[in-house]
Amino acid sequence: MRILLIADEESKYYWDFFEKSKLEGIDLIISCGDLSPHYLSFLATFAKVPVLYVHGNHDKCYEQTPPDGCICIDDDVYVHNGVRILGLGGCMCYNYGQFQYTDSQMKKRLKKLRRKIKRNKGIDILVTHAPAKGLNDSSDLPHSGFQTFIDIMDEYNPRLFAHGHVHINYGRDFKRESSYKDTLVINAYEKFIVEI
């Protein structure tokens, strides 16, 4: 399965210089948050595949303008062609915004999904907005990662963990790809195509 991962910044490659052929061979599009709902709707209009998304910490506008033709997988397990995808959007709580959580709140969100995960016999992809604690995150509170995501990878061993939130232009040690045990970890900032 060939997946287009997107997050945080609308890609000019798809948005400003769009050609339908650029989406050929893509089996699924997953947004890791903080993208314009109009951008996601635009991709859904031209893609012949599902466009899934979780909320980023700046996605409050989705309440008034939800991305048309897209599927929110926040707090859900979505199955596409047998691939089980767990979505947990938002970031670490730093000013009590709408899509901000403490690690204990993130654990509670996961707890509510355990039956669904068990019913699906695990997960193949973990989709979040924020990174995992100590894995592609930063020391400042807004960009620190969740221990809960490490716990998920320890328990369910997904093949892929896709997140956003940490931008390439922040001047930190930006990592596009890394791994945690058997899980491939991708920072989906702007765009990245991965095959699983």
Side-chain angles (χ1 to χ4, degrees), residues 3-15 26 28-44 47 49-78 80 85-103 105-106 109-110 113 123 125-133 135-138 140-146 148-149 152-153 158 160-170 172 174-178 185-194:
I3 303 170
L4 171 61
L5 301 172
I6 53 178
D8 302 303
E9 184 174 307
E10 292 77 17
S11 171
K12 290 182 179 184
Y13 179 77
Y14 292 111
W15 188 236
I26 299 295
L28 187 63
I29 299 173
I30 299 176
S31 167
C32 296
D34 281 355
L35 290 169
S36 161
H38 304 294
Y39 177 62
L40 295 184
S41 300
F42 174 80
L43 290 174
V49 299
V51 177
L52 313 179
Y53 71 91
V54 295
H55 293 96
N57 55 307
H58 299 297
D59 287 337
K60 188 177 180 182
C61 65
Y62 285 23
E63 286 184 2
Q64 287 77 35
T65 311
D68 290 331
C70 302
I71 302 164
C72 180
I73 60 167
D74 238 338
D75 298 309
D76 201 3
V77 177
Y78 181 85
H80 177 70
I85 306 163
L86 170 63
L88 287 168
C91 74
M92 192 62 76
C93 184
Y94 61 93
N95 68 4
Y96 303 98
Q98 183 172 3
F99 298 111
Q100 297 177 26
Y101 306 91
T102 64
D103 210 20
Q105 288 172 324
M106 190 61 76
R109 291 174 69 195
L110 173 62
L113 289 166
I123 60 168
I125 300 174
L126 170 60
V127 177
T128 69
H129 180 60
K133 185 173 182 70
L135 191 65
N136 302 346
D137 67 346
S138 297
D140 64 309
L141 182 59
H143 298 96
S144 59
F146 287 98
T148 303
F149 301 159
I152 291 169
M153 289 187 284
L160 175 65
F161 169 35
H163 71 85
H165 195 50
V166 179
H167 299 203
I168 197 168
N169 58 349
Y170 283 175
R172 300 181 181 110
F174 178 83
K175 280 192 174 176
R176 173 67 79 181
E177 294 180 62
S178 57
V185 180
I186 301 292
N187 183 332
Y189 175 80
E190 190 186 352
K191 64 179 171 50
F192 189 86
I193 295 174
V194 64

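- The CG atom of Leu4 sits 9.0 Å away from the CD1 atom of Ile30 when rounded to the nearest 0.5 Å.
- Side chain of Ser36 to main chain of His38: a donor-acceptor pair is present (N/O by atom type, distance under 3.5 Å, no hydrogens or angles).
- Here the CG-CD1 distance, from Asp76 to Ile71, works out to 10.0 Å after rounding to the nearest 0.5 Å.
- Taking the ring axis of Phe99 as reference, the NZ or CZ atom of Lys60 does not stay both within 45° of it and closer than 6.0 Å to the ring centre.
- Here the closest non-hydrogen pair linking Pro131 and Phe149 is O-CD1, 3.4 Å.
- Screening Ile3, Ile29, Leu28 for a side chain to side chain contact (heavy atoms under 4.5 Å, CB included) with Leu52, the sole residue that qualifies is Leu28.
- Val127 has its side chain out of reach of Leu5: every pair of non-hydrogen atoms, C-beta onward, lies at least 4.5 Å apart.
- A donor atom on one side chain and an acceptor atom on the other are not found under 3.5 Å apart for Gln105 and Gln100.
- Residues Glu190 and Asp8 are not in side-chain contact: their nearest non-hydrogen atoms beyond the backbone lie 4.5 Å or more apart.
- When all heavy atoms of Ala132 and Met153 are compared, the pair lying nearest together is CB-CE, 4.1 Å.
- When only modelled atom types and interatomic distance are considered, Thr148 and Asp103 share a side-chain donor-acceptor pair under 3.5 Å.
- The two atoms that bring Cys91 and Asn57 nearest to each other are SG-CB, 3.4 Å, heavy atoms only.
- The two residues Leu40 and Ser31 make their nearest non-hydrogen contact at CD2-CB, 3.8 Å.
- Between His80 and Tyr78, the ring-plane angle classifies as parallel under the 30° and 60° cut-offs.
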Determine, step by step, whether Ile85 and Val77 satisfy the side-chain contact (heavy atoms from CB on, under 4.5 Å) criterion, reporting the C-alpha distance in whole Å, the side-chain angles of both residues, the deciding distance to 0.1 Å, and the verdict.
CA-CA 5 Å; Ile85 306 163; Val77 177; over 6 Å; no

Check step by step if ring pair (Phe, Tyr, Trp, His ring centres under 6.0 Å) holds for Phe42 and Tyr14.
CA-CA 9 Å; Phe42 174 80; Tyr14 292 111; 9.4 Å; no

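- Residue Met106 comes nearest to Leu88 through the heavy atom pair SD-CB, 4.1 Å, listed as atom of the first residue, atom of the second, then distance.
- Considering only heavy atoms from C-beta on, His143 stays 4.5 Å or farther from Tyr94 through its side chain.
- The backbone N or O of Asp68 lies less than 3.5 Å from a partner atom in the side chain of Ser41, making a donor-acceptor pair.
- Salt bridge present: Asp74 and Arg109 bring a charged side-chain N and a carboxylate O closer than 4.0 Å.
- Under a 3.5 Å cut-off, the side chain of Asp137 and the backbone N or O of Ser144 do not form any donor-acceptor pair.
- Under the 3.5 Å distance criterion, with hydrogens and angles disregarded, no donor-acceptor pair is assigned to the side chains of His165 and Asp34.
- The line from CG of Leu35 to NE2 of His129 is 9.0 Å long, rounded to the nearest 0.5 Å.
- Here the closest heavy-atom approach between residue Ala44 and residue Gly69 is recorded as CB-O, 3.7 Å.
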